[in-house]
Number of protein chains: 2
Amino acid sequence: MAVGGGQAGPGGEGGPPLSRSLVLDAGMRILESEGIDRLTIRGLAGKLGVAATAIYWHVGDKQALLDGLAERVIDQLGDVSVRGRDPVSRVVSIATSLRETLLEGPELVALVHRQGRTAALFQPARRLLVQELTAAGVDGATIALAVPAVLNLVIGTVLLDRQLERQPAQRQTPEELWLDDGLQTPELLRHLSRPVDDRELFDYTLGIVVRAVVEP
Amino acid sequence: MAVGGGQAGPGGEGGPPLSRSLVLDAGMRILESEGIDRLTIRGLAGKLGVAATAIYWHVGDKQALLDGLAERVIDQLGDVSVRGRDPVSRVVSIATSLRETLLEGPELVALVHRQGRTAALFQPARRLLVQELTAAGVDGATIALAVPAVLNLVIGTVLLDRQLERQPAQRQTPEELWLDDGLQTPELLRHLSRPVDDRELFDYTLGIVVRAVVEP
DNA sequence: ACCTGAACACCGTTCAAGT
DNA sequence: ACCTGAACACCGTTCAAGT
């Protein structure tokens, strides 16, 4: 029943021998393409041409697998860029680039969140924010509050964004939501009915917070 | 093998006949006490003294069960109170009371979020916020941005709070996190090392946003 | 050291069958 | 109308056994 090669590695495909790193690679691919619900030990093993128990040898049980994948996401998605000259626009650029990176892989962010590693994911951005606010002359007590405030903003909008994507369909039209209130003017109703642009909302709130911190 | 009563209802316990409402009641109890991972159709049926397939008759499959439970949470956790005289403190009180209600059942909030019903959960608060900001003379375009900004703040801090609870232990002490940066003063390091109080952080950010909206 | 196969204890779900 | 039991196709995990 054995394939001819003898040492040809698992699955008869002749690739390199299985390793923790290769298992995590394959897990990452499943995670991105099929989502976390479809990431199973057995399916992962199948894709690698190996018995399910081989996974246990290289990475441990499912919890350890998810931890390993979260660690990869942290290394891969944590990087942020800084642009601009004045402190306000530099801080804004950090938060914006972090948000955009995270929005590229909402499934990956959800995994990190589930594993309780969000703090680690944010650490590079946190460092940069502290650096910029220090350079801008903001005092320590304010920095200690302002940095998590900005990061909260990012995670909040990213998690909600993900939600809106999955929401299959509006159950009520925006107008219906407000109709029976009575006290709204037509002008207000018009504004409330237009769906809010997520990017615009983020920029709006971020601008308020950063300006309040840097230019008190 | 049958119990003596004949029409004594399922499970031989003699209670009222099974209904959709009773199934959801039991599901709610499991959800709050054991968490969403332990909420299974079979376990639920077992607790009701009934075959697993009976659940399907009354509420449908697992997706329908979770939807039904989310709807209950929305009805039960959506209510908010308004306090204070001036517009700023009234708006702040709405956001604060919503946050505190949600923090009482983080598992329940997580379920609503998973089912994509966060918007419905927030609807009562949204209504009140629009009402208060209108009374405060804020224009429609600003209201349309400010209301979701405040709600984003709430959901962001609630979801992160939940995260911190589950995080088993700090992997690094706060000091270690910053040690190799060099550019921090001891005073800044002291502020960064103290863990941020969630409530203080929320009040801080909320205050900034609400004041910027109401007193521009 | 690395991997397989069988086995166990769970899931959700369907369906024919009972009353 | 309401409920059961058996069955199917999945899970994660353990463990003895192979090379």
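Convention: sequence-line order gives letters A, B, ...; per-chain numbering from 1.
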Take atom [atom1] of [X] and atom [atom2] of [N], then tell me their distance rounded to the nearest Å.
| X | N | atom1 | atom2 | answer |
| --- | --- | --- | --- | --- |
| Leu65(B) | dT13(C) | CG | C1' | 14 Å |
| Gln63(A) | dT13(D) | CD | C1' | 14 Å |
| Leu44(B) | dC3(D) | CG | P | 13 Å |
| Tyr56(B) | dC8(D) | OH | P | 17 Å |
| Leu22(A) | dC3(C) | CG | P | 10 Å |
| Ile55(A) | dC2(C) | CD1 | P | 14 Å |
| Arg20(B) | dA1(D) | CZ | C1' | 17 Å |

For Glu32(B), side-chain hydrogen bond (donor to acceptor under 3.5 Å, both in side chains) partners two or more places apart =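 For Glu32(B), no residue satisfies side-chain hydrogen bond (donor to acceptor under 3.5 Å, both in side chains) once neighbours in sequence are set aside.
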inquiry  = Does Arg127(B) form a salt bridge (charged side-chain N to carboxylate O under 4.0 Å, His left out) with Glu132(B)? I'd like the steps, not just the answer.
reply    = CA-CA 9 Å; Arg127(B) 273 198 146 79; Glu132(B) 291 299 329; over 6 Å; no
task = Kindly express the pairing pattern of DNA chain C in dot-bracket notation, using | wherever a base pairs with another strand and counting only Watson-Crick or G-U pairs under 3.5 Å.
result = ||.|||||...|||||.||
Examine distances only and state if a side-chain atom of [X] and a backbone atom of [Y] form a donor-acceptor pair shorter than 3.5 Å.
| X | Y | result |
| --- | --- | --- |
| Ser97(B) | Val80(B) | no |
| Ser93(B) | Val82(B) | no |
| Thr134(B) | Val130(B) | yes |
| Arg90(B) | Gly84(B) | yes |

inquiry  = Closer than 4.0 angstrom, basic N to acidic O: yes or no for Glu104(A) and Arg99(A)?
reply    =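 So Glu104(A) does not pair with Arg99(A) through a salt bridge.
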N-O pairing of Arg29(B) and Asp25(B) below 4.0 Å =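 No salt bridge links Arg29(B) with Asp25(B).
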key: Validation row: Gln63(B), Gln115(B) side chains within 4.5 angstrom (heavy atoms)   =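 Heavy-atom side-chain distance check passes, below 4.5 Å.
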ask   = Do the side-chain N or O atoms of His58(A) get closer than 4.0 angstrom to the phosphate oxygens (OP1, OP2) of dA1(C)?
value =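 His58(A) to dA1(C) OP1/OP2: no side-chain N or O under 4.0 Å.
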Close approaches to DNA chain D from residues 25-41 of chain A, in residue order (heavy atom, under 4.0 Å) =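 The stretch gives Thr40(A), Ile41(A) as the residues lying under 4.0 Å from the strand, ordered by number.
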If you check every side-chain atom of [X], which of [options] has the closest atom?
| X | options | answer |
| --- | --- | --- |
| Lys62(A) | dC15(D), dG12(D), dC3(C) | dG12(D) |
| Trp57(B) | dC2(C), dT13(C), dC3(D) | dC3(D) |
| Arg42(B) | dT14(D), dC3(D), dG12(C) | dG12(C) |

Pairwise 5' ranking along DNA chain C for Ala52(B) and Ala54(A), keeping only the more 5' one =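 The residue mapped nearer the 5' terminus is Ala54(A).
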